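Heads up, the thing below is written out as structure tokens.
Heavy atoms only: backbone and side chains are in, while hydrogens, waters and symmetry mates are out. Just so we're clear, the structure is a prediction, and the values are computed from it rather than from any experiment.
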Amino acid sequence: MSWTLQAIKGALEGVFPSTLATTGRDGTVNLVFVSQVHHVDDDHVAFSEQFLKRTLDNLIANPRAQAFVVDPTTARQFRVDLAYVRRETEGPTVTRMRAKLEGIARATGMADVFALRAAVVCRVTGIRPVGVSAAPGPERARPTRVPAARHLGDVADAIASAEDLAELTETLLGALSDRLGYRHAALWLLDDASSSLLAVGSRGFPESGIGGEIALGDSLVGQCAATRVPIRISALSRERTYARAARAGARDIAPPGLPDAESFLAVPLVAKRRALGVLVVESRTRLAFDEEDEATLRLVAHLAGASIALLHGGGEAPTDAPIRVRIYEEDDSVFVDDEYVVKGTAGRLLGVMLALARERGRFELTNRELRLDPRSKLSPLNDNLEARLLLLRRRLEERSPRLRVTSVGRGRLRLELDADFTVERIPSGGA
Amino acid sequence: MDLAVPDWIFHNDVLVLAATADSTGALEITRSIGARRTGADRIRIYLPVPESLHFLNLAADLGRVSIVCGRPRDYRSIQLKAEGARPVATTAEDAAAVARYRAELGPALEGAGIPSEIWDQLISREVVTVEARLSSSWEQTPGANAGTRLDGGAG
């Protein structure tokens, strides 16, 4: 039998510690435990680059590697032969890995220690079952939970029938439990004013936790909203400190959650690329949720997000909420409404445009003006300005629906803002 | 050479894995049924067979192994590098150490949130004892000291 990544996906969930071996230029073997083996696609996996400096050096010198993983649902272990492909610092793989890792890290007060620098992407060249586990093991894996279309239809009906947010919350959580079998669930909504998430409904927890609050970016729920990507964990008891820390760090009301949860899945509610909230389900069973659950809940969350946007009048941010721009001077990285947009020269150029808009009320300007402004710090020889501006425009289109840069003719630009704006500059070495 | 190797890595709540490579760069990782220090610079690991046979073949080329010892309950981990790895006869002391490890690791894993019931199915009953000469030890616990050499040698 030829094994595939899809067939061993349970072994990549991190329930049982995995290891990764590489060799250096001199042939010395390096073996490390790895916190995540991320399933990128049918042929690739990625490892989080946290403490893997020697491993990465080795992979660059000699791209061959091997991972050793264990599937706790079938008691099979596998050797996964690998070939190093690349190191990624941004993109969907990094975003998903970072959301999970930093969610746990922030909840445990370890954000400085567990910061994900990059994803180390490897191609799978072979998968071999190990020894006794090559024989069929006990089949403990639960059947994949693919919901019947009629049950999904019932959930969609429940969402569509709600006339206000309270009714939507109740019908959504009820339908999740009754029609899809998610008996422990909570709905969190983003409060723009405080940049935090509030628990507005829950079902199946010892305490409702309604009114519980988590700052955007904090813990797993906050990371899910901040990054707008699902976060799935299959063995929370291995991260038990996460749960304890999450409770210790809560505000006045303990957030909804199972104290002995093993599986956790959070999916963002998104409308017009803006996070509106987070839908969370938990289970006391390890490996209770897989990618099918994730897909099901993404669908439900998108429906709920669209419905909430309609109930709120189109899902736009309140028109009186100023657009918040934060610029880190150390590397000119720019965040708009807490969403990372761009850094480097493109970020610096946006800062100059915003400064000109604030200082002179100028929202239209020419490339020449940007070149001449000393704050742009462009090279007099080859500034590559057009490419930088194209990058900036694209990134704003993707990440910042309320702030745009458009072209209004050859060499002319317009800064378009849907509301007033504030700019906070963080000096080098600042928080 | 008396390496700075903490005692806890030889306790029975620690996962032990070993890796080796031959002169062509072919790699193999295998699980060890515990580890035991048998001298100032000597370590014995217990490799299940038949699943470690390829490992043993590769190790026979250069004799270099890397051993990681990780304690799941607090993520502490150490990497040991060793040379001159070779199979040796399993003594009564070795057999007793392996038996204790087999019996005690499962409950220790459960305490760390790892399903213990699969432990017995992960390993064969037969082991080959491999002895090697320790050459360096490295901190691997996640954190600022990860990658630090423990025995004071050049990193």
Checklist entry - Looking at CG of A:L31 and NZ of B:K81, how far apart are the two atoms once the value is rounded to the nearest 0.5 Å? => result 8.0 Å
Item to check | Spatial distance of atom CD (B:E51) from atom CD (A:Q77) [nearest 0.5 Å] | outcome: 7.0 Å
Item to check | Contacts of B:N12 that satisfy side chain to side chain donor-acceptor pair (under 3.5 Å) - sequence neighbours left out | outcome: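 B:N12: side chain to side chain donor-acceptor pair (under 3.5 Å) contacts with B:E104.
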Checklist outcome for this item: Cut-off 4.5 Å, heavy atoms of chain A, and the answer for B:A18 is backbone
Next on the checklist: Taking side chain as everything from C-beta outward and backbone as N, CA, C, O, which of these in B:T30 sits under 4.5 Å from a heavy atom of chain A? Side chain, backbone, both or neither.
Outcome noted: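 Contact with chain A: backbone and side chain both.
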Checklist entry - Using non-hydrogen atoms only, which part of A:R64 is less than 4.5 Å away from chain B: side chain, backbone, both, or neither? => result both
Checklist entry - Of the options A:V130, A:T19, A:V69, which is the one that meets B:I29 in a side chain to side chain contact (heavy atoms under 4.5 Å, CB included)? => result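 The single option meeting the side chain to side chain contact (heavy atoms under 4.5 Å, CB included) with B:I29 is A:T19.
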Checklist entry - For chain A, which of B:L62, B:L27, B:T20 has the most heavy-atom pairs under 4.5 Å? => result B:L27
Item to check | B:V65 vs A:V29, side-chain contact (heavy atoms from CB on, under 4.5 Å): CA-CA, chis, key distance, verdict | outcome: CA-CA 7 Å; B:V65 295; A:V29 188; over 6 Å; no
Checklist entry - What residue in A:L20, A:T28, A:D81 has the most heavy-atom pairs under 4.5 Å with chain B? => result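 Option with the top pair count is A:T28.
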Checklist entry - If you count heavy-atom pairs under 4.5 Å between each of A:N30, A:V70, A:T22 and chain B, which one has the most? => result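 That would be A:N30.
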Next on the checklist: Taking B:E28 first and then A:R128, would you say they form a salt bridge - that is, a charged N and a carboxylate O separated by under 4.0 Å?
Outcome noted: yes
Next on the checklist: side-chain contact (heavy atoms from CB on, under 4.5 Å), that's the test. Do A:V32 and B:V68 meet it? Break it down for me.
Outcome noted: CA-CA 7 Å; A:V32 294; B:V68 288; 5.6 Å; no
Checklist entry - Heavy-atom count around B:D7 CG within 6.0 Å, excluding the residue itself: above 12? => result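 Check fails, neighbour count at 12 or below.
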Next on the checklist: Would the distance check show the side chain of B:Q79 and the main-chain N or O of A:F33 forming a donor-acceptor pair, the cut-off being under 3.5 Å?
Outcome noted: no
